[in-house]
*Asks:* 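Got a structure for you, questions after.
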Amino acid sequence: MIAWWRRSHGWQEAAWTLATMILSVIAAAWVLGLTASSIRVPINAAEGDMLMALSAIKGMLENGWYLVNPALGAPAGQEISDFGALNGDNANWVILRLMGFVITDPVVLLNSFFLLGFALAGGVAYLVLRDLGTRRITSLALAAFYANLSFHFTRGEGHLMLGMYYVAPAAIWLTLRVLTGRPLVRRGEGDGIRSWFTGTNVGTALSVIAIGGSTVYYAFFTLVLLVIATIVRAIATRGWRNLIPGGALIVATGFVLFLNLLPGITYRIANGANPDLAQRIPHESWLYSFDLTRLVFMVAGHRIDRFSNLGNNVAGNSLTVGEGDILGLVLGITFLVMLAMVAVWLVRGRGGDGARGPLLNSTLMLAATCFLLGTTGGLGAMFAVILTPQIRAWTRITPFLAFLCLIVLAMGVDWVRRRIEGAGWRRVVSAALPLVVGAFALWDGTSPANRPNHAANITEWRGDQEFVNRITDTLPTGSSVLQLPVQPFPEAGGIVQMGDYEHLTGYVHADGLRWSYGAMKGRPGDWSRVAADLPPGQLVTAAAAAGFSGVWIDRRGYEDRGTDVEAAVATATGLTAPTAESPDGNRVFYDLRPLQERVDGALSPAQREELASALTDPVVVVYGNGFYGPEKNEDERWRWATNDAVMTIRNGTDQPQKVRWTASLRSAIGSTTRISVNGQVLAEAAFPKAGAEPKVSVPITVPPGGIDVRVETTGNDLGPGLGDPRPLYLQVINPLLIDETFAQAENAVAG
């Protein structure tokens, strides 16, 4: 049996791979302090983005897949095919779906999948290092460290799919094969189709599927590196035939990526583009990049106080946001040595020699490429300016750069081992060296800050569960709950002290209820823009008419802790106190069924239907050609416009709707703004002196379907004086579309 095992190379590698995966998870458990956690509480429970990931997982378990969820975005439901942060990782979602047939608790599934990311990153890194010639114990120790990069903990469960960076070693493996001329397809011994099931062929196929089907960022980075590697290989060898292997990989990976994105592409073809979603600007490619100092320095909150202060100082002074783009001392020093090697070899006119020379040279070239792509103002920023800013977070190439550094580190460790190993204690030292290096790199590259406050998380999570249980005990199954303050989904940012995605707390803790939050902004089911502008009394009255049986108020979303909103809700419902309050006092719930009875008594069925439609299928403004995106500060919100802009007012009903559009305006001295429909002037505003801010109130009758409103401004461009390259002729401040239906209904119900 032992002799068979020694001869069975494949089974030995499988055992070492499994050991690496287990060690990677054990290391993650140590960093995260999981002995103090609960499997039924999210590891990163205090992280707002975690709620988005958890809600998608819960929706997948309840509905079979994650793209459509009728329990969110009531009454229309949630459809997230638009949202690339969730739609575009279908290889990983397939893994989650398969795991979900066994693990049916969404929180347990979230935690299990998060930890699986460590195992997969370690396992794939081990296999790639072994294929590149690294010795087993070295591959195990360094791969387990690689699975526990600072990047992994910074992304956490909030950016769940970015933690699945096991595709980075696979991408580097493919790219290095292209650069070094190693075959991507190899036929084994024997005849027939079985001869094609070689390790190389299976690795290539699985890598292409995993990369193309994973996070769009990782697929895109891989395609960029493959394009560069293919061109460099062809030029270096002066043979066009060397374009074929890399070209085939690019086509195959691109095709899988296309299939991965096909649901979103199909949805956009059927429903049109969504201008309200994920609009990026080139500046963000500078903001979400890495700088050399942060990259090679200590982590913030290092385990040694002096190093912690240095790391905090670097993080505090950096002009970039930072998304875990820290290699730590071990990989950081390795990267600096790699840069020095490039400099020396350029001076002497040749690269590395010997059997390992081509691999080392190719690794250095790819590392330099990754650095130039991800660094501040580098190739990534050029890409954003010249082509598109939609790929903005170039710092997410960090796992690719880190693995390239890991390859060089592994080569260095094995070089030292070969020179010290022998019999007795030398053999022990040789075997221990990679374990010591890996352990030190893990200790240095992570920090106590990576360990969540599990006790506080458990207390908060169970308190939220208790609060939501009281709501589910109060309302019948299938009831809808209005959530205040009104917040668009997704990527709306926080409101006062309430974080983004906090409204998902209700859904992830409850079964059988529907929630107003979660409809995709910019799509017909999203009525948040209208609801956010309504006075709370009018809003809850309309919500009662639309079938909402309760209202959830997060006090953290208001400067006055919700005092005015609660007073309006109490007046409308006749309740003197909340129906339920969370243990921490941050959230309250009011039963709207008494208000529903008052609405039923005061309004006819036709009036109730008209009021409900005005809320959930509202007349909305779409700011089109000539208008820029929304901006805001603590006191105002606004849009800039050119001298000729168009806004479309949409009416989804089959009846004309009377509305009023109001806004304050700013423009250059001597300018005139004219607002018209089909050539008929509805309003004019003049700016005779500095500081003039006329307010316009424009009555508009909107036919079924909608109408275009033209906004023309004479005068001078304000952009140059503001240091803004855009043509800015008009500032539209606090624009508001008012439907009189709401005020009339509130007055009728109040009696």
*Asks:* With rounding to the nearest 0.5 Å, note down the distance linking CG in L72 to CD in E79.
*Replies:*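 Interatomic distance, L72 CG to E79 CD, rounded to 0.5 Å: 12.5 Å.
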*Asks:* Between D739 and K658, is there a side-chain N and carboxylate O pair less than 4.0 Å apart?
*Replies:*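 Not counted as a salt bridge, because no side-chain N and carboxylate O are separated by less than 4.0 Å.
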*Asks:* Is the closest side-chain donor-acceptor distance between T505 and D464 under 3.5 Å?
*Replies:* no
*Asks:* Does the side chain of Q657 come under 3.5 Å of the side chain of T653 through a donor N or O and an acceptor N or O?
*Replies:* yes
*Asks:* Under 3.5 Å, is there a donor-acceptor pair between the N586 and D584 side chains?
*Replies:*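 Result is yes, a qualifying pair exists.
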*Asks:* Working note: Y558 + D564, criterion side-chain hydrogen bond (donor to acceptor under 3.5 Å, both in side chains); need CA distance, chi angles, decisive distance, verdict.
*Replies:* CA-CA 9 Å; Y558 298 93; D564 291 345; over 6 Å; no
*Asks:* With a cut-off of under 6.0 Å to the ring centre and 45° to the axis, is K58 in cation-pi contact with Y507?
*Replies:*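 Because its charged atom sits under 6.0 Å from the ring centre and within 45° of the axis, K58 does stack over Y507.
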*Asks:* Name all residues meeting the side-chain contact (heavy atoms from CB on, under 4.5 Å) criterion together with V588; count only those two or more places apart in sequence or in a different chain, and write none if there are none.
*Replies:* I553, R555, E566, P578, E581, Y590
*Asks:* For the ring pair W552 and F467, is the centre-to-centre distance below 6.0 Å?
*Replies:* yes
*Asks:* Check the pair H159 / D49 against side-chain hydrogen bond (donor to acceptor under 3.5 Å, both in side chains), numbers first and verdict last.
*Replies:* CA-CA 7 Å; H159 286 179; D49 283 6; 3.2 Å; yes
*Asks:* I'd like to know whether Q465 forms a side-chain hydrogen bond (donor to acceptor under 3.5 Å, both in side chains) with N469, so could you lay out the CA-CA distance, the side-chain angles of the two residues, the decisive distance to 0.1 Å, and finally the verdict.
*Replies:* CA-CA 6 Å; Q465 184 67 66; N469 286 345; 2.8 Å; yes
*Asks:* Taking only residues two or more places apart in sequence or in another chain, which ones pass side chain to side chain donor-acceptor pair (under 3.5 Å) with T459?
*Replies:* none
*Asks:* Output yes when D554 and R587 qualify as a salt bridge under the 4.0 Å nitrogen-oxygen rule, no when they do not.
*Replies:* yes
*Asks:* Would you call R608 and E610 a salt bridge, using N to O less than 4.0 angstrom?
*Replies:*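 No, R608 and E610 are not salt-bridged.
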*Asks:* Have N274 and Y267 got a donor and an acceptor in their side chains that come within less than 3.5 Å?
*Replies:*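 Their side chains do not contain a donor-acceptor pair, so the 3.5 Å distance test is not met.
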*Asks:* T673 vs T713, test: side-chain hydrogen bond (donor to acceptor under 3.5 Å, both in side chains). Steps then yes/no.
*Replies:* CA-CA 4 Å; T673 294; T713 303; 3.1 Å; yes
*Asks:* Apply the side chain to side chain contact (heavy atoms under 4.5 Å, CB included) test between V619 and each candidate in V530, I649, I707; give the one that qualifies.
*Replies:* I649
*Asks:* Under the side-chain contact (heavy atoms from CB on, under 4.5 Å) rule, collect the residues that match up with D105, sequence neighbours excluded.
*Replies:* R40, V107, V108
*Asks:* Residues in side-chain contact (heavy atoms from CB on, under 4.5 Å) with T474, at least two apart?
*Replies:*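 Once residues adjacent in sequence are excluded, the partners of T474 under the side-chain contact (heavy atoms from CB on, under 4.5 Å) criterion are T579, F589, D591, R593.
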*Asks:* Could you go through residues 679-694 and list every donor-acceptor pair under 3.5 Å that involves a side-chain atom there, pairing it with any protein atom two or more places apart or in another chain?
*Replies:*
| from | atom 1 | to | atom 2 | distance (Å) |
| --- | --- | --- | --- | --- |
| E684 | OE2 | R674 | NE | 3.1 |
| E684 | OE2 | R674 | NH2 | 3.3 |
| E693 | OE2 | R666 | NE | 2.7 |
| E693 | OE2 | R666 | NH2 | 3.0 |

*Asks:* Mind checking what makes side-chain contact (heavy atoms from CB on, under 4.5 Å) contact with D717, not counting sequence neighbours?
*Replies:* P720, P727, L728, Y729
